[in-house]
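Quick caveat: nothing in here was measured; it's all calculated off a predicted structure.
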Amino acid sequence: MKKVIVITGPTAIGKTEMSLQIARLYNTEIINADASQFRKGLNVGTAKIDYKNLDVVHHLIDIIDIEEDFSIKDFQDRARDIITSLHNENKIPLIVGGSGLYINSVIGKYELDDSKRDYDFEEKFYESYSNEDLHKELALLDFDSSLNIHPNNRRRVLRAISKAKSGTKISTLKKGQELIYDCLIFELTTSREVLYSRINKRFSQMIEDGWLEEVRDLKNKGYDLEKIKDIGYTELANYLDGVLDFYEVSELIKKKTRNYAKRQITWFKNKMNTTPIEMDYDNLDNTLNNLKLEINKFLKETSQI
RNA sequence: GGUGGGGUAGCGAAGUGGCUAAACGCGGUGGACUGUAAAUCCACUCUCUCCGAGUUCGGUGGUUCGAAUCCACUCCCCACCA
């Protein structure tokens with residue numbers, strides 16, 4: 001199998017900085033795996049870097065418009081194509097991001113088809129169904145899935161129903177984490193306390209960097225900020241509309257970001273086989289050295305299979 | 001100094017004699033997740049040897065079979081009057 005390096009970790013841990021150094025050291029390119037950075041126009045609030053003016057090539061950033069539908073299948077295809085072409089150039093692809101599902105879909109055996117999900121249709125078709133009714137419907141179509149998905153999780157119940165109707169029971173898909181590349185998956189870590197304080201500080205920094213102006217600009221362009229699910233956009237729009245005061249909004253955004261980081265960590269722990277690397281914020285060279293040690297070891301190993 | 005209001009679990013806040021280890025919200029923690037994933041959803045959150053037991057509702061002492069809830073004294077906070 002061909003080798004791929006992944007750098008992941010919770011939001012605000014410092015993936016970007018580490019990945020740039022690694023990309024330079026090993027003369028390779030970065031494939032973005034942060035779902036929020038796919039969309040054009042969401043910059044400050046998604047901690048997007050000025051990748052166009054960097055010496056390191058970044059792929060899969062700004063690939064769709066704000067309100068454009070996007071499927072994980074597209075991401076899987078595009079990322080794998082890029083991986084292939086990097087391999088052809090004898091480069092070790094470097095996937096960097098915090099969207100666990102997206103990373104797994106690329107490096108793992110995820111069977112996705114081309115059908116796009118039609119949320120509006122799903123919701124309208126079953127509009128009159130209560131959560132419980134829907135869940136019963138799912139039990140008829142895919143009983144095993146119904147056991148695993150809570151009735152209140154309407155979105156996932158709907159998805160499972162529509163998949164079952166189209167002939168694929170979600171519950172029959174492989175749960176394993178079989179990989180299609182030889183992967184070294186770094187998970188950058190730090191204490192919860194330090195991470196949360198970084199999240200809080202980063203929020204202030206984003207405001208200084210013009211996040212509010214970005215949101216105002218999007219509003220002026222006519223976008224419905226309520227539809228932007230990335231943390232902070234709806235909240236800041238509410239502030240601009242005078243619905244919430246700034247303190248409330250700040251606390252809410254920071255809280256949501258902390259909660260998100262926690263969910264990410266749960267995913268890394270239970271859905272990925274990672275190599276943890278503790279961040280040494282006082283001396284990032286230490287962290288970098290630890291990464292290098294692991295990478296060098298990894299590159300020397302002959303690939304199995 | 002006087003009068004009134006108040007002190008409840010990490011925070012906010014219900015509860016005004018037994019059904020209360022104490023509603024609810026927030027925060028936090030753990031978890032699920034193959035298609036909006038910075039999404040969506042679930043569980044737990046006084047302590048323990050967790051079926052069960054033990055300590056709680058500013059403090060102390062009472063009344064009572066039984067108190068966060070009633071009484072007395074006391075400490076602290078807020079408002080107004082001096």
Side-chain angles (χ1 to χ4, degrees), chain A residues 8 10-13 15 32-39 42-48 64 66-77 97-120 122-123 131 134-135 142 145 147-164 166 168-178 192-193 195-196 199-200 202-203 206 211 224 226-236 248 251-272:
Chain A
T8 190
T11 190
I13 193 131
K15 292 185 288 294
N32 167 248
D34 255 328
S36 58
Q37 301 197 352
F38 297 158
R39 311 197 107 88
L42 306 185
N43 301 134
V44 180
T46 61
K48 205 179 280 171
I64 42 171
I66 290 181
E67 293 177 332
E68 193 175 338
D69 278 341
F70 186 65
S71 155
I72 191 168
K73 168 72 169 153
D74 296 339
F75 176 75
Q76 185 189 49
D77 289 343
S99 303
L101 173 65
Y102 283 76
I103 295 172
N104 283 3
S105 79
V106 171
I107 63 176
K109 282 193 176 165
Y110 266 51
E111 299 162 19
L112 300 166
D113 60 46
D114 284 318
S115 66
K116 289 216 173 178
R117 184 168 180 181
D118 190 337
Y119 312 101
D120 292 340
E122 286 174 12
E123 196 44 63
N131 286 172
L134 258 191
H135 196 253
D142 182 354
S145 283
L147 296 178
N148 289 324
I149 305 175
H150 190 100
N152 288 356
N153 203 346
R154 179 170 257 258
R155 176 182 297 186
R156 297 201 55 244
V157 172
L158 277 171
R159 161 104 282 233
I161 288 177
S162 94
K163 283 301 281 182
S166 73
T168 316
K169 291 182 183 178
I170 285 182
S171 56
T172 64
L173 294 170
K174 284 179 197 122
K175 292 269 174 193
Q177 288 150 27
E178 207 177 333
R192 204 57 70 87
E193 198 185 6
L195 182 65
Y196 285 3
I199 285 172
N200 294 165
R202 190 181 65 173
F203 170 77
M206 285 174 167
W211 195 3
D224 181 359
E226 296 286 333
K227 282 189 181 153
I228 297 179
K229 293 298 181 189
D230 303 282
I231 295 170
Y233 286 88
T234 301
E235 289 79 5
L236 289 175
E248 290 175 308
E251 292 308 306
L252 187 58
I253 292 173
K254 287 187 266 187
K255 192 261 292 197
K256 284 191 164 186
T257 310
R258 293 193 294 268
N259 294 164
Y260 166 52
K262 197 167 76 64
R263 268 178 277 133
Q264 288 179 296
I265 292 167
T266 299
W267 183 286
F268 303 144
K269 196 195 296 175
N270 301 318
K271 296 274 189 186
M272 291 175 121

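- Residues satisfying the side-chain contact (heavy atoms from CB on, under 4.5 Å) test with A:Ile199, not counting sequence neighbours, are A:Thr11, A:Ala12, A:Leu195, A:Tyr196, A:Thr257, A:Arg258, A:Ala261.
- Residue A:Asn153 places no side-chain N or O under 4.0 Å from the OP1 or OP2 atom of B:U40.
- Listed candidates were B:A38, B:U29, B:C33. Nearest to the side chain of A:Arg156 is B:C33.
- The side chain of A:Arg258 contributes no N or O atom lying less than 4.0 Å from OP1 or OP2 of B:C26.
- Of the C1' atoms belonging to B:G31 and B:U16, the separation is 39 Å, rounded to the nearest Å.
- Between A:Phe70 and A:Tyr102, the ring planes are parallel. Angles under 30° get that label, and only those over 60° would be called perpendicular.
- Within 4.0 Å (heavy atoms only), A:Lys269 reaches sugar-phosphate atoms of the nucleic acid but no base atom.
- Note on A:Lys271: every side-chain N or O is 4.0 Å or more away from OP1 and OP2 of B:G31.
- Using a 4.0 Å heavy-atom distance criterion, A:Ser99 is classed as a sugar-phosphate-only contact.
- If you measure from atom NE2 of A:His135 to atom C1' of B:U40, you get 14 Å, rounded to the nearest angstrom.
- Using a 4.0 Å heavy-atom distance criterion, A:Lys163 is classed as a base contact.
- Listed candidates were B:A37, B:U34, B:G35. Nearest to the side chain of A:Ile72 is B:G35.
- Considering all non-hydrogen atoms of both residues, A:Ser36 and A:Thr46 come closest at O-CG2, 3.6 Å.
- Look at the P atom in both B:C41 and B:C26: the space between them is 13 Å, to the nearest Å.
- Among the heavy atoms of the strands, none lies under 4.0 Å from A:Gly100.
- Contacts of A:Phe38 with the nucleic acid, taken as non-hydrogen atoms under 4.0 Å apart, are absent.
- Nucleotide B:C41 holds its P atom 10 Å from the NE2 atom of A:His150, rounded to whole Å.
- In this structure, the NZ atom of A:Lys256 is 14 Å from the P atom of B:A37, given to the nearest Å.
- Counting non-hydrogen atoms under 4.0 angstrom, A:Tyr102 reaches the backbone sugars and phosphates but no base.
- Projected onto RNA chain B by closest heavy-atom contact, A:Thr46 and A:Trp267 fall at different nucleotides, the more 5' of which corresponds to A:Trp267.
- Positionally, the nearest nucleotide of RNA chain B for A:Asp113 lies more toward the 5' end than for the other of A:Lys229 and A:Asp113.
- Using a 4.0 Å heavy-atom criterion, one finds that A:Lys262 contacts the bases of the nucleic acid, with or without backbone contacts as well.
- For the C1' atoms, the distance linking B:U29 with B:C65 amounts to 41 Å, nearest Å.
- Rounded to the nearest 0.5 angstrom, A:Glu248 CD and A:Glu235 CD are separated by 12.0 Å.
- A distance of about 27 Å separates the C1' atoms of B:C80 and B:A72, rounded to the whole Å.
- B:C71 sits 13 Å from B:G17 when the C1' atoms are compared, rounded to a whole Å.
- Residue contacts for A:Asn259: at a heavy-atom cut-off of 4.0 Å it reaches the sugar-phosphate backbone alone, with no base atom in range.
- Phosphate contact (OP1/OP2 of B:U40, side-chain N/O of A:Tyr260, threshold under 4.0 Å): absent.
- Between B:C50 and B:U45, the two P atoms lie 15 Å apart (nearest whole Å).
- The minimum heavy-atom distance between A:Phe75 and A:Asn32, with the atom names listed, is CE1-O, 3.3 Å.
- Checking B:U34, B:A38, B:C42 against every side-chain atom of A:Gln37, the shortest atom distance belongs to B:A38.
- Backbone-only engagement by A:Asn270 is indicated by non-hydrogen atom pairs under 4.0 Å involving sugar-phosphate atoms exclusively.
- The separation between A:Asp74 atom CG and B:U36 atom C1' is 13 Å, rounded to whole Å.
- Remark: A:Glu193 CD is loosely packed, at most 12 non-hydrogen atoms of other residues, nucleotides or ligands lying under 6.0 Å away.
- B:G6 and B:G59 have their C1' atoms separated by 16 Å, given to the nearest Å.
- Put simply, A:Thr266 has a side-chain N or O that comes within less than 4.0 Å of OP1 or OP2 on B:G31.
- Remark: A:Arg263 is not in phosphate contact with B:G31, judged by side-chain N or O atoms under 4.0 Å from OP1 or OP2.
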